[in-house]
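To keep things clear, I will list the structure first and then write my remarks on it.
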Protein chains: 2
Amino acid sequence: MSTDTPARLLQLLSLLQTPREWPGGELADRLGVSRRTVRRDVDRLRELGYPVQATMGADGGYRLVAGKAMPPLVLDDEEAVAIAVGLRAGAGHAVEGVDEASVRALAKLEQVLPGRLRHRVATLQAATTPLTSGDGASIAPETLTVIASTIAGREGLRFAYRARDGAESRRRTEPYRLVSTERRWYLVAYDLDRDDWRTFRVDRVSDPFATGARFTPRELPTGDAAEFLRQSMQRRQDTYEFEVTFSAPAEVVAARLPAWLGTPQPVDEHSCRLRAAAGGPMEWLAVRLAMMDCEFTVHEPPGLVGYVRDLGGRLSRAAGA
Amino acid sequence: MSTDTPARLLQLLSLLQTPREWPGGELADRLGVSRRTVRRDVDRLRELGYPVQATMGADGGYRLVAGKAMPPLVLDDEEAVAIAVGLRAGAGHAVEGVDEASVRALAKLEQVLPGRLRHRVATLQAATTPLTSGDGASIAPETLTVIASTIAGREGLRFAYRARDGAESRRRTEPYRLVSTERRWYLVAYDLDRDDWRTFRVDRVSDPFATGARFTPRELPTGDAAEFLRQSMQRRQDTYEFEVTFSAPAEVVAARLPAWLGTPQPVDEHSCRLRAAAGGPMEWLAVRLAMMDCEFTVHEPPGLVGYVRDLGGRLSRAAGA
DNA sequence: CCAAGTAGGACAGTTACCGTCCTAGATGTG
DNA sequence: CACATCTAGGACGGTAACTGTCCTACTTGG
């Protein structure tokens with residue numbers, strides 16, 4: 001309705017993102033301009049790099065197709081809520097390799113999410129259950145997004161931290177990177193009080209907030225945040241090795257397990273063995289194995305064997321054995 | 001760098017979405033215009049409804065905050081991939097109430113996703129595991145997005161359908177709505193051959209494609225697609241009732257279960273009972289119960305009891321009991 | 001108080017934009 | 001085959017909008 005050119009272009013972009021064909025006449029009507037102007041606008045979008053495809057002939061029309069760069073996504077309310085909920089649900093147990101970008105996208109979205117939608121996201125979020133099996137290691141999505149924001153904005157970050165021995169402390173940091181490996185989130189940051197680089201487990205962070213103080217990022221001595229994390233993990237020995245034998249062909253098992261857990265080695269035609277290192281909560285691995293839908297045997301570590309035994313006992317009792 | 005006004009406005013919008021403060025001078029530099037013009041552009045964005053907040057005084061700057069409507073999201077490559085992967089992973093087992101919007105958002109995103117990113121999404125998607133426990137009821141995300149596109153674009157839809165008795169048939173339909181209830185996806189559509197409204201289970205749909213023929217949506221006699229689905233489900237009796245007793249306070253159980261499964265009723269201070277109806281694969285419910293981390297007893301239905309017993313036995317054997 | 005930032009009015013030159021005319025090419029239908 | 005319906009794009013003139021420069025006013029933190 002507004003007669004402004006840039007506004008009209010944004011509106012056109014939004015219309016074209018609906019997965020259907022738009023005849024020029026209809027667009028002209030909707031935008032309140034002449035057909036010729038629509039053609040010019042389409043031209044302009046193309047010059048901007050958004051590939052508008054036009055099918056010729058009767059029954060033709062315009063539509064936005066895949067191009068070189070991502071066009072700005074124009075979402076309606078429900079779609080925005082769906083993405084927010086989806087990303088938040090995934091934040092705790094996302095796919096290896098996209099976790100950090102996923103949190104960044106969530107932070108970006110939540111920055112501009114209208115208040116009334118925020119409500120709906122929170123409600124729906126409450127209706128879903130965190131997949132973490134009650135070991136208290138769950139992470140509030142807000143924690144991740146606040147941290148991501150401070151990293152992107154180069155702002156100071158303060159939070160309360162509960163160390164491995166249970167001791168509480170308050171930290172003033174310059175956040176550097178979020179890294180997630182093997183079902184756990186870590187923050188690599190420069191600790192202003194310790195005057196050195198540190199890694200923090202995000203599930204032990206509480207009450208994080210941006211101080212507002214901007215800083216220029218220091219250089220990490222190790223270069224890569226993931227590398228730095230790996231080194232400090234080695235010192236702490238936070239992972240464990242496990243070994244399982246499955247009564248199913250290696251291909252079948254491989255298809256049902258996440259690739260990062262490793263590749264099962266065939267023993268014979270009908271069984272295979274998986275030996276790999278895992279981090280994160282052991283319960284998760286146990287449940288994952290339970291979902292495999294084939295016979296298997298856990299050899300190591302003893303803790304995992306114990307947990308699987310407990311789970312088995314509990315289920316047997318539940319069935320009234 | 002000097003492009004025309006609308007392009008600059010889009011660029012400005014993208015800069016402001018980074019969660020940080022931008023001083024006017026820096027924006028002027030980046031956009032290649034004078035400081036005054038930046039102020040004018042900011043004004044224009046505000047008039048368009050995008051609330052740009054400015055902090056006054058030294059060390060001030062601009063940033064985009066939550067407003068009345070969603071601004072067009074400007075994503076970088078990694079963020080786009082992250083959202084696509086997240087939505088696809090969630091497509092099979094999403095949160096009640098946002099599923100359809102989620103699929104619509106995914107369709108919208110994939111329509112414009114550049115080819116090189118498509119590759120990355122596919123790769124990462126392969127690395128993750130479908131959560132469906134081997135009953136063959138998994139759904140390819142593509143199937144959902146194709147259907148969603150035809151609904152949005154009012155295009156005819158053809159697909160192959162495997163009926164409950166295993167009979168294969170080809171369908172020509174005018175798609176109306178996607179509905180998901182209790183872990184399953186359904187398509188409500190007008191069947192052009194049967195000349196009547198039908199519901200289809202999406203996990204039995206294969207090889208769907210848009211015919212390209214546009215149509216004007218008919219009116220559904222029942223009015224609401226969800227209502228229509230409910231009625232045809234009642235005829236088929238696709239759900240089952242279950243009853244479980246937990247050895248944990250009702251609040252604790254409620255907090256760990258999805259709300260749509262129902263509310264547990266307290267029996268005494270330390271236990272509670274849940275009686276509700278569920279649909280979808282029974283294995284899913286069994287695994288969900290296993291993750292509850294407390295003792296429980298399954299009373300009904302017999303099938304669920306049997307499945308829990310099997311799972312328990314398998315786990316006990318796995319632990320070498 | 002000063003420095004550095006936002007906010008916004010006034011003015012003049014330039015530019016870009018828009019609608020109304022055209023004509024040309026593609027495509028499916030009667 | 002001709003026709004209707006769509007995209008594609010050149011030409012043109014009047015109007016409107018945009019931009020940079022130069023102002024002043026106000027806010028905030030050191």
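Chain letters run A, B, ... following the sequence lines, proteins first and then strands; every chain starts at 1. Only heavy atoms go into these numbers, but all of them, side chains included; no hydrogens, no water, no symmetry mates. What you see is a predicted model; the values in this text were computed from it and never measured.
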Whole-Å distance separating the CH2 atom of B/W22 from the C1' atom of C/dT6: 18 Å

B/F228/B/Y176 aromatic ring centres below 6.0 Å: no

Heavy atoms from other residues, nucleotides or ligands near CD of A/E219 exceed 12 (cutoff 6.0 Å): no

Length of the CZ-P vector between B/R35 and C/dA7, whole Å: 14 Å

Length of the line joining B/R39:CZ and D/dC26:C1', which is rounded to integer Å: 13 Å

Nearest-angstrom distance from the residue atom CG of A/D43 to C1' of C/dC18: 15 Å

Touch class at under 4.0 angstrom, heavy-atom based, for B/V33 against every strand present: sugar-phosphate

Sugar-phosphate only, base, or nothing, as touched by B/R40 at under 4.0 Å among non-hydrogen atoms: base

Integer-rounded Å distance: C/dA26 C1' and A/Q53 CD: 14 Å

Nucleotide C/dC17, atom P - distance to CG of A/L12 in whole Å: 14 Å

B/L9 CG - C/dA16 C1' separation (whole Å): 15 Å

B/R44 vs D/dA17: side-chain N/O to OP1/OP2 distance below 4.0 Å: no

Polar side-chain atom of A/R158 near backbone of A/R170 as donor-acceptor pair, under 3.5 Å: no

Whole-Å distance separating the CZ atom of A/R8 from the C1' atom of C/dG19: 12 Å

B/E174 vs B/L192, side chain to side chain contact (heavy atoms under 4.5 Å, CB included): CA-CA, chis, key distance, verdict: CA-CA 7 Å; B/E174 293 176 355; B/L192 289 172; 3.8 Å; yes

B/T5 side chain near D/dT19 phosphate (N/O to OP1/OP2, under 4.0 Å): yes

Position toward the 5' end of DNA chain D (nearest nucleotide), A/M56 or A/R36: A/M56

Closest-nucleotide 5' rank along DNA chain C - winner of B/G25 and A/T37: B/G25

B/T143 side, atom OG1; B/L187 side, atom CG - distance, nearest 0.5 Å: 11.5 Å

Nearest to side-chain heavy atoms of B/P23, which nucleotide of C/dG5, C/dT20, C/dA7: C/dG5

